[in-house]
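Have a look at the structure below, then the notes.
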Amino acid sequence: MKIDVLSLFPEMFEGVLGSSILKKAAEKQAASYRVINFRDYADNKHHTVDDYPYGGGAGMVLKPQPIFDAVEALQGEATVKPRVILLCPQGERYTQKKAEELARQQHLIFVCGHYEGYDERIREHVVTDEISLGDYVLTGGELGAMVIIDSVVRLLPGVLGNEASPVLDSYSSGLLEHPHYTRPADFRGMKVPDALLSGNHKKIEEWRMKESLRRTWMRRPDLLDSYSLSEIEKKLLAEIQKEQ
């Protein structure tokens, strides 16, 4: 996967893209990253990328020209049509499903804005996706882009050591993930559940299924509204509700 980022603050990405799983993904050639300052594409002598909004109002608005030219330059180099993602509080709320969709793409371009907003023509004619991390506002799109890049790259084949890890993550299955335990089996009197120590794989899987359902029902019951329960899951959920 090829990932290009347009940002006024490229230095913000150095630590994130050069560490942990994202670094390993690049080393394995599963992903490549390029962060470009779109100020370099400004066609005025002062390299300004923002201006006052027509009609007045607070703040500055990003001009269309630098972003149009930057995206068009990247598209001109591309071998496949890239998805152009605008980080924006007005965009669709980001989900694991969206991460899985983006992970199937070969080329992503992220546009990270600052100031009051974008010239509307950027939304209408440049981007393919507008994404928001949630119902809050950040100083710029950089942190949002980092989050999305991390959540997408870890889904690429060969990036994680255990191929089952992304499949079993919370939200990937539609439910929150079950609790995890490791050694020692008894820590300060707090013991690992007997089922996990039994060696009985069927018993372990049933415990994990039940605890995943319990955690989802208690913390995110809204997820169950769109989740199709199997017969055994219906039975386990009924047990959980009775226990509570």
Worksheet item: Under 4.5 Å between any side-chain heavy atoms of L197 and K191, yes or no?
Response: no

Worksheet item: So, Y115 side chain and D50 main chain: donor-acceptor pair closer than 3.5 Å or not?
Response: no

Worksheet item: Any side-chain heavy-atom pair from S198 and W207 closer than 4.5 angstrom?
Response: no

Fill in: Criterion side chain to side chain contact (heavy atoms under 4.5 Å, CB included) on I204 and L196, from CA distance to verdict
CA-CA 6 Å; I204 291 170; L196 298 180; 3.9 Å; yes

Practice prompt. Evaluate the criterion side-chain hydrogen bond (donor to acceptor under 3.5 Å, both in side chains) for residue pair Y94 and S151; output intermediate values, then yes/no.
Written response: CA-CA 10 Å; Y94 193 56; S151 66; 2.6 Å; yes

Discussion item. Does atom OH (Y52) have a neighbourhood of more than 12 heavy atoms from anything else shown, all under 6.0 Å?
Written reply: no

Discussion item. For the NZ atom on K24, are there more than 12 heavy atoms of other groups (residues, nucleotides or ligands in this structure) within a distance under 6.0 Å?
Written reply: no

Worksheet entry | Student check: side-chain heavy atoms of L87 and I148 closer than 4.5 Å | yes

Worksheet item: Between the main-chain N or O of S132 and the side-chain N or O of Q90, is there a donor-acceptor pair closer than 3.5 Å?
Response: no

Fill in: Nearest-0.5 Å distance, CD of residue E11 to CD of residue E14
7.0 Å

Worksheet item: Does R208 use its side chain to pair, donor to acceptor, with the backbone of H178 at less than 3.5 Å?
Response: no

Worksheet item: If we only count heavy atoms from C-beta on, is the Q105 to T128 side-chain gap below 4.5 Å?
Response: no

Practice prompt. Assess whether atom NE2 of H180 is packed by more than 12 heavy atoms of other residues, nucleotides or ligands within 6.0 Å.
Written response: yes

Worksheet item: Do L62 and Y54 share a hydrophobic cluster, counting only Ile, Leu, Val, Met, Phe, Trp and Tyr and linking them when any side-chain heavy atoms are less than 4.5 Å apart?
Response: no

Worksheet item: Is a donor on one side and an acceptor on the other found under 3.5 Å between the side chain of Q106 and the backbone of V80?
Response: no

Worksheet item: Among V84, V35, I3, which one satisfies side chain to side chain contact (heavy atoms under 4.5 Å, CB included) with F110?
Response: I3

Worksheet item: Got a second to check how far K63's NZ is from D43's CG, nearest 0.5 Å?
Response: 6.5 Å

Worksheet item: Do any N or O atoms from the side chain of K28 and from the backbone of V159 form a donor-acceptor pair under 3.5 angstrom?
Response: yes

Practice prompt. For atom CZ of R34, decide whether the heavy atoms of other residues, nucleotides or ligands shown that lie under 6.0 angstrom number more than 12.
Written response: yes

Worksheet item: With side chains defined as the heavy atoms from C-beta onward, is the minimum distance between H107 and D4 less than 4.5 Å?
Response: yes

Worksheet item: Within a strict 4.5 Å, meaning less than it, do heavy atoms of the V16 and L22 side chains meet?
Response: yes

Fill in: Expected output: side-chain S212 to main-chain M209 donor-acceptor under 3.5 Å
no

Practice prompt. With side chain to side chain contact (heavy atoms under 4.5 Å, CB included) as the test, would you mind laying out the steps for L143 and L133 before giving the verdict?
Written response: CA-CA 10 Å; L143 294 175; L133 293 187; 5.9 Å; no

Discussion item. Is there a path of hydrophobic side-chain contacts, each under 4.5 Å between heavy atoms, that joins V127 and V61?
Written reply: no

Worksheet entry | From E124 atom CD to D119 atom CG, the distance as rounded to the nearest 0.5 Å | 8.5 Å

Practice prompt. Could you tell me whether N44 atom CG has more than 12 heavy atoms of other residues or ligands within 6.0 Å of it?
Written response: yes

Worksheet item: Applying the 4.5 Å side-chain criterion to the ILVMFWY set and letting contacts propagate, would F187 and V192 be lumped into a single cluster?
Response: no

Item to complete: Flag the pair K235 and E239 as a salt bridge only when some basic side-chain nitrogen lies within less than 4.0 angstrom of an acidic carboxylate oxygen.
Response: yes

Practice prompt. Could you check if a side-chain atom of L102 sits within less than 4.5 angstrom of a side-chain atom of I85, using non-hydrogen atoms only?
Written response: yes

